[in-house]
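What's counted below: heavy atoms across the whole structure, side chains too, no hydrogens, waters or symmetry copies.
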Amino acid sequence: MSPSILVVLTSHADLADTGKKTGWYLSEFSHPHHVFASSSPPPKITVASPRGGAAPLDQSSIEAAKDDEISVEFLHKQSALWEATTPLSQILQQGIDSYDALFFPGGHGPMFDLAGDKESQEIVKRFWEAGKIVSAVCHGPAALVNVKLSNGEYLLKGKKVTAFSNSEEDGVGLSEKMPFMLETRIKEVGAEYEKAGQDWGEKLVVDGKLITGQNPASAKAVGEAILKVI
């Protein structure tokens, strides 16, 4: 039996009041997907989003990956994955029994919708309490910071976690446009935040079945860790 992975993308396309667009970040899905597709047997991939339908791809991430062969090939050959996503409500109705892992790619979009989405939070809770893998990269951990378990405690409390750092957010000039600072929020809910020695460096943190990566450079490592833990 091939393992099964549920990938959840953002449905949010507007970057605050900047007039610019955002969404999910290309390389943060393409590189884990390449890892998955190269394994034997490759896992079954289901892609969902809060609204369902087309999940907005951050156009700046396409430009950033123009010399990245894996991302370019993914963009041109795998668009069906994000052009017809399953609504999270449908995932909840169907149940999560058939899945082995949950994965949230980043991009700034998750900061605006997944961080507060009740259906997303319920899915995370169900995965975790069923002993399944919960994973995210870059801004993807925004989907985890407000999740509370059945005992009323935050999922991330006492866990080792990484995500896009405050200094990296400062570096891209978007700190003042974010609804909250991801690194700060992770610490507020009682997690032990870890980061790479320098901004944009690869950083993977695995705490049991919780797998997180700091930034785009960490996406491949997250994919590899998911398969290893599965």
Taking every non-hydrogen atom, the tightest pair across [X] and [Y]:
X      : Y      : value
Lys125 : Ser150 : CE-OG, 3.2 Å
Lys159 : Asp207 : CA-OD2, 3.4 Å
Leu149 : Glu129 : CB-OE2, 3.4 Å
Val124 : Ala143 : CG2-O, 4.2 Å
Asp113 : His12  : OD2-N, 3.3 Å
Pro43  : Phe36  : CD-O, 3.3 Å

Cluster overlap [X] with [Y], hydrophobic side-chain contacts below 4.5 Å:
X      : Y      : value
Val8   : Leu81  : no
Ile5   : Ile96  : no
Leu210 : Val222 : no
Leu57  : Val47  : yes

**Request:** Take atom NZ of Lys203 as the centre, draw a 6.0 Å sphere, and report whether it contains more than 12 heavy atoms from other residues, nucleotides or ligands.
**Result:** yes
**Message:** Are more than 12 heavy atoms, taken from residues, nucleotides or ligands other than Lys132, located less than 6.0 Å from that residue's NZ atom?
**Reply:** yes
**Prompt:** Is a side-chain N or O of Asn215 found less than 3.5 angstrom from the main chain of Phe164, in a donor-acceptor match?
**Reply:** no
**Asked** So, Thr162 side chain and Glu194 main chain: donor-acceptor pair closer than 3.5 Å or not?
**Response** yes
**Request:** Give the intermediate values and the outcome of side-chain contact (heavy atoms from CB on, under 4.5 Å) for residues Lys20 and Asp58.
**Result:** CA-CA 10 Å; Lys20 298 178 180 178; Asp58 188 326; over 6 Å; no
**Request:** Have a look at Pro110 and tell me which of Asp117, Thr10, Leu144 forms a side-chain contact (heavy atoms from CB on, under 4.5 Å) with it.
**Result:** Thr10
**Message:** Under 3.5 Å, is there a donor on one side chain and an acceptor on the other for His34 and Glu69?
**Reply:** no
**Item:** No-hydrogen, no-angle side-chain donor-acceptor test under 3.5 Å, Ser167 and Lys195
**Value:** yes
**Short N-O contact, Lys21 and Asp14, less than 4.0 angstrom** = yes
**Salt-bridge present (Lys118, Glu122; N to O < 4.0 Å)** = no
**Message:** Applying side-chain contact (heavy atoms from CB on, under 4.5 Å), can you list everything that pairs with Asp68, at least two apart in sequence or on another chain?
**Reply:** Ser27, His31, Ala65, Ile70, Ser71
